Protein chains: 4
Amino acid sequence: MNQHSPSVGRLAPVTARGQRSRLRLLRAAEYVFGQKGFEGASIAEICRRAGSALGSFYTYFPDKKAAYVELVDSLGSRLRSELATAVEGIDDRLDVERAGLRAFFDFAARHRQLYRIVRQAEFVDPPAFHRYYRKLAAAYSTGLAKAMDEGELRVLDPEIAAYSLMGMADFLGMRWVLWETGDLDHVVDGAMDFLTGGLSVPPAKPKLATAAKRTTKRITKASLHAHR
Amino acid sequence: MNQHSPSVGRLAPVTARGQRSRLRLLRAAEYVFGQKGFEGASIAEICRRAGSALGSFYTYFPDKKAAYVELVDSLGSRLRSELATAVEGIDDRLDVERAGLRAFFDFAARHRQLYRIVRQAEFVDPPAFHRYYRKLAAAYSTGLAKAMDEGELRVLDPEIAAYSLMGMADFLGMRWVLWETGDLDHVVDGAMDFLTGGLSVPPAKPKLATAAKRTTKRITKASLHAHR
Amino acid sequence: MNQHSPSVGRLAPVTARGQRSRLRLLRAAEYVFGQKGFEGASIAEICRRAGSALGSFYTYFPDKKAAYVELVDSLGSRLRSELATAVEGIDDRLDVERAGLRAFFDFAARHRQLYRIVRQAEFVDPPAFHRYYRKLAAAYSTGLAKAMDEGELRVLDPEIAAYSLMGMADFLGMRWVLWETGDLDHVVDGAMDFLTGGLSVPPAKPKLATAAKRTTKRITKASLHAHR
Amino acid sequence: MNQHSPSVGRLAPVTARGQRSRLRLLRAAEYVFGQKGFEGASIAEICRRAGSALGSFYTYFPDKKAAYVELVDSLGSRLRSELATAVEGIDDRLDVERAGLRAFFDFAARHRQLYRIVRQAEFVDPPAFHRYYRKLAAAYSTGLAKAMDEGELRVLDPEIAAYSLMGMADFLGMRWVLWETGDLDHVVDGAMDFLTGGLSVPPAKPKLATAAKRTTKRITKASLHAHR
DNA sequence: AATGAATGAGAGTTCATTCAT
DNA sequence: TATGAATGAACTCTCATTCAT
């Protein structure tokens, strides 16, 4: 175990000074873990960055993994909370989707460590990894199910829809937020276009379709060109 | 042809015995890397599993990373080839999507190490990681663009659509292949339902819509129940 | 008087509250040192057990070793005092031996940490270790010499006899008090039998010897059986 | 676990070079453990002394403790074997005792690390500690029981006698081999005197007793003087 | 006197890689 | 080619002790 427990030393600091130290360490850990991954990060570097002595890390965390797990949980709840705030008060469910997607991209842009930390969690602590996605999915599923019940969305299996939408957001963010910052408006529009109407051609007016086709074809070729 | 031809990144064995040793090592590596991750895996364990001596690893691979990168590339090309085979000769583009999704799930079920190896590639060798997804996306985008051109699919930005569909497949596979083996037919149906028609309620015949709604609503509730 | 008077090796508390804290720490130290050994014990655990803060230890002891040494000395003097009390007023010297042996076993049973603390003292502070045994041996030798002088015991080198008797008591206690609680009366009887008459067969009356032999032979075999 | 196992790396070396390395490490470990105790010894120092690299220790031992336990077992069997050799062919049982005692003192003198290593084993690995004494005691008890059966020794509980004799030897060795090298002949004589005839005064010829008394009294006083 | 945060030297252990055979 | 011993840098974690409050 750790050297501490109830009376002597705790992991939750009691003094204000302790609070500050712990926070500094956690922030440094978020940065370093995001930069180097779990294995690549060293406690020494985290402490150096936090301006603490090596041993101080263990005043606040039982071990390296615990700090990592705390970060995963924290990123998850920060993300969920930002998403909730972003869609608050929006009535139209498709607008909710748009705002949510946008908010996710913003979050990812402000927390570029998100992907690396969450994805590597699978190797560090599978439960934390599952927790992250399951909590997101649960909230998402519930929202979708409600909207379907109320006739605002087409009726689908909400959990399948939730994982589909999460996967979309995840991959689009990886591609256009992480790898190559692009015109996010365009990405959001494109994604909304897809998730709103799906792939299949509506049994519709041929003239309109042709016009649209020409337009997007150009985009298509440019995109393909750009990436080998 | 590309930067990953046989002679680059690997030390090609000349004798048949060497061929066999190399393959045994690679198979062992795939297993161990999939089980323990890149950092967690040790060359010693790989050699033990392959029945080779510790030093022999370096007869065939310059270092640990090289073997890992080769695996990522190999998984990528095996997957692309299986997908291509699976959809070969299918005319209807939506049937192509269905068959592709199914083939991906099958592949993931047979290569449960896929997710762990590919995802961790980001930390081991970012180029290999990008290559994996970019090659998949390029092929996918091209196919979608063609189908859109030919009027088989609604016209969308094909790269956005490709990443969206890849994200869907990835997350659905993670959820229903990796985490919890479920009724894959149901998942494929649900995913096709979503990706075909999207979320928005069609401005359609009220009677049909109502009927469908009631039917699927029951499914919905069951699903929610089943997964917390 | 000697080099271990109250004010040396300890920081004497002045207030009553201080007295209590010091004692609590010492008791906790005795427990933890006995449980984990000198190196295995941590100041943190001692403080936790004592209900004190980590820093408080150093209010009363200059360092870890000082507390340990104080315990060794204290165990030594407590033991010597109990032994002295136990044999007080006993006239027959062999009865003194019996009572002393018994008292030692009782002490060891009540202070199971005794062996571990004293034996490890050799590594922590050799002088304290020697002091412990030399003081015991000195008192013992004196007593034996006196009894020999007075014709109550056979005349032997008293120091050799003292160390022999201490070794006997030590090992018998280790075996039948520490390791496996047995029938102590039987052990005391057996030990007295040995230390009274020694190993050699007296040039005695054949009939009695034969009878005794048969009787004890049975005990013998049972004992051997019982302990592998 | 260790990085090694069946095919890749073993703890038992297969090459002659490996044999030599292992032996060098074990000898160095015996020296350093004996000098500094288990906790005080560092693998680094052992390797330095053995002329090996730090990591090589772990080629042959899974951890520090394993090497220690191996030493305890090895000391135990070396001692038992020397004792067995020393008494081989001796008919008179009391002569066996004398030769055994002497052999033990010799062994202790040549392996001054014996006491420190064995005694600290209690904290490092209790089973090894028990094994050491129990094996000695078992052999000893058997020998004593046989001699008692055959009428060569007075009949006593052989296990009690064995532990008594082991304790005597242990303490006498500690006092006159380890602490202060003395006249071992005198110690052996004195010990034999005690263990042969015990403490009690035989109901014998007064004249002889008086003579003996005077002789030993002088020794007594000298001894007492010498040690405070 | 008491608290608990801070310190940092030092430990055991792992393991990718090299090398002699 | 194959083997397995050898290497040593690097890591996580512990804990006695000090110090500011």
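In what follows, every chain begins at residue 1, and chains take the letters A, B, ... in the order their sequences are listed. Just so we're clear, the structure is a prediction, and the values are computed from it rather than from any experiment.
- Between B:Gly18 and C:Asp63, the residue anchored nearer the 5' end of DNA chain F, judged by the nucleotide with its closest heavy atom, is B:Gly18.
- The distance from atom CD1 of C:Ile46 to atom P of E:dT3 is 16 Å, rounded to the nearest whole Å.
- Picking from E:dG12, F:dT3, F:dT7 the nucleotide with the shortest atom distance to the side chain of D:Ser52 gives F:dT7.
- If you find the closest nucleotide of DNA chain E to A:Gly51 and to D:Lys65, the one lying nearer the 5' end belongs to A:Gly51.
- Smallest separation of non-hydrogen atoms from A:Gln113 and A:Gly34: CB-CA, 3.5 Å.
- Look at D:Tyr60 and you won't find any side-chain N or O under 4.0 angstrom from OP1 or OP2 of F:dA5.
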Under 3.5 Å, sequence neighbours excluded: what are the donor-acceptor pairs made by side chains of residues 119-126 of chain B?
residue  : atom : partner  : partner atom : Å
B:Arg119 : NH2  : B:Asp170 : OD2          : 2.9
B:Gln120 : OE1  : B:Phe38  : N            : 2.5
B:Asp125 : OD2  : B:Ala128 : N            : 3.2

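- Atom CZ of residue B:Arg20 and atom CG of residue B:Leu25 lie 13.0 Å apart, to the nearest 0.5 angstrom.
- Inspection of the D:Ser21 and D:Arg17 side chains reveals no N or O donor paired with an N or O acceptor under 3.5 Å.
- For F:dA2, the OP1/OP2 oxygens have a side-chain nitrogen or oxygen of B:Arg17 closer than 4.0 Å.
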Watson-Crick and G-U pairing of DNA chain E written in dot-bracket, each distance under 3.5 angstrom, with | for inter-strand partners: .||||||||||||||||||||
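- Distance, A:Arg48 CZ to E:dT7 P: 14 Å, rounded to whole Å.
- Taking both residues in full, the closest heavy atoms of C:Glu70 and C:Phe61 are given as OE1-CE2, 3.7 Å, listed atom of the first, atom of the second, then distance.
- For D:Tyr58, a side-chain nitrogen or oxygen approaches OP1 or OP2 of E:dT13 to under 4.0 Å.
- Rounded to whole Å, atom C1' of F:dT1 lies 12 Å from atom CZ of B:Arg20.
- Distance alone, capped at 3.5 Å, places no donor-acceptor pair between the A:Arg116 side chain and the A:Gly37 backbone.
- For B:Ser21 and F:dA2, the shortest distance from a side-chain N or O to OP1 or OP2 is below 4.0 Å.
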Contacts under 3.5 Å, N or O only, protein and nucleotides 8-10 of chain E:
residue : atom : partner : partner atom : Å
E:dG8   : N7   : A:Gly55 : N            : 3.2

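- Comparing F:dT7, F:dA16, E:dG12 by their closest approach to the side chain of D:Ser42 singles out E:dG12.
- Side-chain atoms of B:Tyr31 and B:Gln35, non-hydrogen and from C-beta on, do get closer than 4.5 Å to each other.
- Between C:Phe57 and D:Glu39, the residue whose closest nucleotide on DNA chain E is further toward the 5' end is C:Phe57.
- Across every non-hydrogen atom of A:Leu71 and A:Phe33, the tightest pair is CD1-CD1, 3.6 Å.
- As judged by a 4.0 angstrom heavy-atom cut-off over every strand, A:Ala41 is placed among residues touching the sugar-phosphate backbone only.
- Between F:dA5, F:dA16, E:dA16, one nucleotide has an atom nearer to the side chain of C:Ile43 than all others, and that is F:dA16.
- Atom OH of A:Tyr132 sits about 10.5 Å away from atom CD1 of A:Ile117, to the nearest 0.5 Å.
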